[in-house]
Asker: 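My questions will all concern the structure given below.
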Number of protein chains: 2
Amino acid sequence: MPRVGLTPDQVVDHALALIDDQGTEALTLASVAARAGVATPSLYKHVSGGLTELRRLIAVRVTEELADRLAEAAVGRSGDDAVTALLRAYQAYATAHPHRYAALPQAPQPDEDLTKAATRLVGVIIAVLRGYGLDGPEVIHAARTVRSLAHGFAALSITGAFQLTEDLTTTHNRLITTLITGLHSWPKSEEQ
Amino acid sequence: MPRVGLTPDQVVDHALALIDDQGTEALTLASVAARAGVATPSLYKHVSGGLTELRRLIAVRVTEELADRLAEAAVGRSGDDAVTALLRAYQAYATAHPHRYAALPQAPQPDEDLTKAATRLVGVIIAVLRGYGLDGPEVIHAARTVRSLAHGFAALSITGAFQLTEDLTTTHNRLITTLITGLHSWPKSEEQ
DNA sequence: GGCTAAGGCTATTAGCCGTAGCTTTATGGC
DNA sequence: GCCATAAAGCTACGGCTAATAGCCTTAGCC
């Protein structure tokens with residue numbers, strides 16, 4: 001009965017700690033409650049939507065963290081240097097917190113908060129891409145390409161889909177070079 | 001008691017039908033059993049590892065299907081044409097069976113069967129990349145880049161992560177162009 | 001000092017996986 | 001043609017989960 005003084009943010013903290021330790025499979029309200037020192041149903045006082053909402057909050061938090069890392073990496077850089085830093089930071093985050101990153105797609109369906117966080121993340125990418133003279137629809141296509149590469153490599157490397165022994169860092173460098181080359185010859189929007 | 005005459009393959013068939021209809025979340029032994037016209041525990045006669053093994057079998061099947069599509073797409077083509085066909089086929093499969101594709105990463109951990117199927121899939125990609133004069137470690141790096149792009153775009157587009165209204169097909173075309181450009185200037189392995 | 005609201009709790013329901021053990025069917029050998 | 005045996009089904013059960021209902025206690029404010 002001693003009141004623990006939980007907040008939704010703290011519940012997410014505990015959930016993230018649990019995910020980091022044991023993976024997304026192990027995310028249950030029961031174990032989160034145990035970590036928080038509280039009975040399972042008590043969590044509903046803070047996360048009224050139960051497990052579904054908790055997963056949503058986790059996705060929002062992780063997206064925000066990732067956007068932060070990308071923003072930090074991009075600040076003070078431009079052009080190829082910025083793109084390289086962006087992709088390195090993305091992969092570094094995914095590697096440092098693989099389970100956390102894997103929790104990203106577990107979000108129910110995009111809602112307002114998640115969209116906002118994702119928009120900020122995309123905003124960082126777009127800002128960097130403007131350094132290549134891209135705007136209009138083309139900057140969107142380019143940003144999607146950047147995300148595809150970053151996410152694809154992160155997801156596959158994390159899940160161990162790359163079986164062979166070749167160095168992953170080299171692959172990542174090649175991938176960055178390919179992207180940068182593509183960005184230099186990207187079509188320009190015609191309008192304006 | 002009338003014997004249904006189930007086989008492991010048929011159990012996977014039912015599971016895939018269920019996933020196609022209702023998504024991976026809805027994959028439970030109970031519902032698979034219901035579809036198969038059998039009581040839940042009876043499934044263990046065919047899939048002794050329970051839900052975990054069922055997920056593994058699903059991943060193997062889907063990987064094989066995907067490898068088939070890629071192989072079909074690549075046959076009779078080479079160079080840029082083959083790469084384009086490969087990526088289009090990949091995305092077409094993911095779009096046609098989004099839930100099935102989403103079931104791919106749900107595999108427990110790579111085992112022999114899954115590795116075999118994945119090796120065949122990668123083999124198709126590598127065969128195409130040899131058309132660019134790549135070999136040794138570099139063809140591996142290039143194949144990983146191809147997979148990253150294909151998977152990243154598929155995963156993000158399927159989960160609705162691309163919010164804006166710009167045409168996804170155009171994005172995909174840009175992405176293919178970027179990849180092809182990169183492949184043309186790919187470093188050659190020095191050995192041999 | 002007492003009221004209100006928030007944050008805990010226990011108890012319960014429903015659904016799931018997985019195991020144990022029984023029964024029936026199909027098949028192959030004699 | 002019959003019987004033994006293995007395969008394939010079943011029911012029953014235990015243990016886990018999420019989620020709801022309803023109660024109690026604490027904290028804080030008027």
Side-chain angles (χ1 to χ4, degrees), chain A residues 1-61 99 102-103 105-109 111, chain B residues 1-61 99 102-103 105-109 111:
Chain A
M1 329 63 155
R3 202 160 289 202
V4 179
L6 229 45
T7 66
D9 267 354
Q10 286 173 12
V11 173
V12 174
D13 288 341
H14 284 118
L16 284 176
L18 197 125
I19 285 178
D20 285 340
D21 284 1
Q22 307 178 240
T24 57
E25 296 283 314
L27 179 71
T28 66
L29 289 183
S31 32
V32 171
R35 271 189 187 252
V38 125
T40 305
S42 305
L43 292 179
Y44 285 83
K45 298 288 182 174
H46 309 281
V47 182
S48 60
L51 190 56
T52 303
E53 184 178 355
L54 181 55
R55 282 202 263 250
R56 188 183 69 81
L57 292 175
I58 288 170
V60 172
R61 174 81 73 85
H99 295 141
Q106 313 266 349
Q109 51 203 17
D111 71 324
Chain B
M1 344 30 172
R3 201 159 291 204
V4 179
L6 229 43
T7 68
D9 268 355
Q10 286 172 13
V11 173
V12 174
D13 288 342
H14 285 117
L16 285 175
L18 196 124
I19 285 178
D20 285 340
D21 283 1
Q22 307 178 239
T24 57
E25 296 282 316
L27 179 72
T28 66
L29 290 183
S31 32
V32 172
R35 271 189 186 252
V38 126
T40 305
S42 306
L43 292 179
Y44 285 81
K45 300 288 181 175
H46 309 281
V47 181
S48 60
L51 190 56
T52 302
E53 184 179 355
L54 181 54
R55 283 203 262 250
R56 187 183 71 80
L57 292 175
I58 288 170
V60 172
R61 175 80 74 84
H99 295 141
Q106 313 266 348
Q109 52 203 17
D111 71 323

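Within every chain, numbering begins at 1; the chains are lettered A, B, ... in the order of the sequence lines, protein sequences first and strands thereafter.
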Asker: Are B:V11 and B:H14 close enough, and set up right, to give a side-chain contact (heavy atoms from CB on, under 4.5 Å), and what steps lead you there?
Answerer: CA-CA 5 Å; B:V11 173; B:H14 285 117; 5.7 Å; no

Asker: Is the closest basic N to carboxylate O distance between B:R35 and B:D21 below 4.0 Å?
Answerer: yes

Asker: Of the residues in residues 17-31 of chain A, which ones touch DNA chain D at a heavy-atom distance under 4.0 Å?
Answerer: A:T28, A:L29, A:A30

Asker: Examine distances only and state if a side-chain atom of A:R61 and a backbone atom of A:D9 form a donor-acceptor pair shorter than 3.5 Å.
Answerer: yes

Asker: For B:L6, does its backbone N or O pair with a side-chain atom of B:H46 as donor and acceptor, under 3.5 Å?
Answerer: yes

Asker: Taking only residues two or more places apart in sequence, or in another chain, which ones meet A:S31 in a side chain to side chain donor-acceptor pair (under 3.5 Å)?
Answerer: A:T28

Asker: Can you list, by residue number, the residues of residues 40-60 of chain B that have a non-hydrogen atom closer than 4.0 angstrom to DNA chain D?
Answerer: B:P41, B:S42, B:K45, B:H46

Asker: Could you check A:T40 against A:V32 for side-chain contact (heavy atoms from CB on, under 4.5 Å), going step by step and ending with a plain yes or no?
Answerer: CA-CA 8 Å; A:T40 305; A:V32 171; over 6 Å; no

Asker: Is the side chain of A:H99 donor-acceptor paired with the backbone N or O of A:I19 at a distance under 3.5 Å, no angle test?
Answerer: yes

